[in-house]
Participant: 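Let me give you the structure first, and then I'll get to my questions.
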Amino acid sequence: MTSTPPPTPPEAVPAHVAIVMDGNGRWAKKRGQPRAFGHRAGVKSVRRIVGECRKRGVRALTLFAFSQENWQRPALEVTLLMQLFLQTLAREIESLHKNDIRLRFIGEHQDFPADLRTLMRKAEKQTAKNKSLVLAIAVGYGGQWDIAQAAQALCREGQAITPEALESRLVTAGLPAPDLMIRTGGEQRISNFLLWQLAYTELYFCDTLWPDFGEAEFDRALQWYAGRERRFGRVPEGA
Ligand code: IPE
Ligand code: IPE
Ligand code: MG
């Protein structure tokens, strides 16, 4: 039996956790099932981790659900993913709202199905005043696109491109930078996730496939985070 690590002291809890939810396809393949089976199983992990974040006092959770590069997957997989987003959102919106969770959808959404876009806007509006947790879902998101669209906005307004101004136009504006990024599924890369925002984020990689990622795994990541010394370019305390 594996022992569960003790709970993380509250001061060491990251305010903002970002997750690259990877490994759904391989999880399904191991079971002789189509990739969409893994995506559906992945939704259960999302529900679990949202609950864990609320329980532990994490204030913001950003989940990478669909990258701009993911448009290049087979049309059937893309269609099934869009249907899954729509069904899941329609089913979960009330309980998210009841749990005081604020939803944000970050990314470029013009090529998304119209009914999904409408529901995303509705969910954002309905939950806009909620305070317990900001749940940002990155769909149609690309880190390079985000930086480019922020720069374009500043150009249009005739503003100077400073780091502060640029940051205020990123789609994550108003959220603190992630303290901890978790990537499941064994790959150690960013895959065009939050390129700007991850400048000083602690990066945690694990082999667990996303549908298998649960409370114990999340605890391990938080324990690891609690042990990091974040220096932000300075020398260690007392050095
Ligand atoms: C991540 O799982 C979910 C999405 C990109 C939508 P994958 O679908 O990339 O699963 P693997 O990496 O092929 O196992
Ligand atoms: C990253 O996973 C994107 C999401 C989890 C949504 P990918 O499976 O698309 O990344 P690569 O292709 O392995 O880099
Ligand atoms: Mg993958």
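First listed ligand is number 1; within each ligand, the first listed atom is number 1.
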Participant: Does this structure show an ion pair linking Glu52 with Arg56, if we count only N-O contacts that are shorter than 4.0 Å?
Facilitator: yes
Participant: Can you confirm whether Glu187 is buried at CD, in the sense that more than 12 heavy atoms of other residues, nucleotides or ligands lie under 6.0 Å from that atom?
Facilitator: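 Yes, because the 6.0 Å sphere around CD of Glu187 holds more than 12 heavy atoms from other groups.
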Participant: Would you confirm whether Thr201, through its side chain, and Asp179, through its main-chain N or O, come within 3.5 Å as a donor-acceptor pair?
Facilitator: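 Flag not set: sc Thr201 to bb Asp179 has no pair under 3.5 Å.
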Participant: What are the protein N/O/S atoms, named by residue and atom, that sit under 2.8 Å from the Mg ion (ligand 3)?
Facilitator: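 Near the Mg ion (ligand 3), the protein supplies Asp22 OD1.
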Participant: Which protein N or O atoms sit under 3.5 Å from any N or O of ligand 2? Give each pair with its distance.
Facilitator:
residue, atom, partner, partner atom, Å
ligand 2, 8 (O), Asp22, OD1, 3.2
ligand 2, 8 (O), Arg73, NH2, 3.2
ligand 2, 9 (O), Asn70, ND2, 2.9
ligand 2, 9 (O), Arg73, NH2, 3.4
ligand 2, 10 (O), Arg183, NH2, 3.3
ligand 2, 10 (O), Ser191, OG, 3.4
ligand 2, 13 (O), Arg189, NH2, 2.8
ligand 2, 14 (O), Arg189, NE, 2.8
ligand 2, 14 (O), Ser191, OG, 2.6

Participant: What pairs with Phe218 under ring-ring contact (aromatic ring centres under 6.0 Å, His included), at least two apart in sequence or on another chain?
Facilitator: none
Participant: Is there a donor-acceptor pair under 3.5 Å between the side chain of Arg228 and the backbone N or O of Glu202?
Facilitator: no
Participant: Any luck finding a side-chain donor-acceptor pair between Thr118 and Asp115 under 3.5 Å?
Facilitator: no
Participant: Show me the pairs that pass salt bridge (Lys or Arg N to Asp or Glu O under 4.0 Å) and involve residues 27-40, at least two apart or across chains.
Facilitator: Arg35-Glu77
Participant: Testing the 3.5 Å rule here: is there a donor-acceptor pair between the side chains of Asn192 and Gln68?
Facilitator: no
Participant: Charged N to carboxylate O below 4.0 Å: is that the case for Lys55 and Glu215?
Facilitator: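 Salt bridge between Lys55 and Glu215, a charged N being under 4.0 Å from a carboxylate O: yes.
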Participant: Could you give the distance from CD1 (Ile106) to OG1 (Thr62), rounded to the nearest 0.5 Å?
Facilitator: 5.0 Å
Participant: Which ligand 1 atoms does His39 reach within 4.0 Å, using its non-hydrogen atoms?
Facilitator: 3 (C), 6 (C), 8 (O)
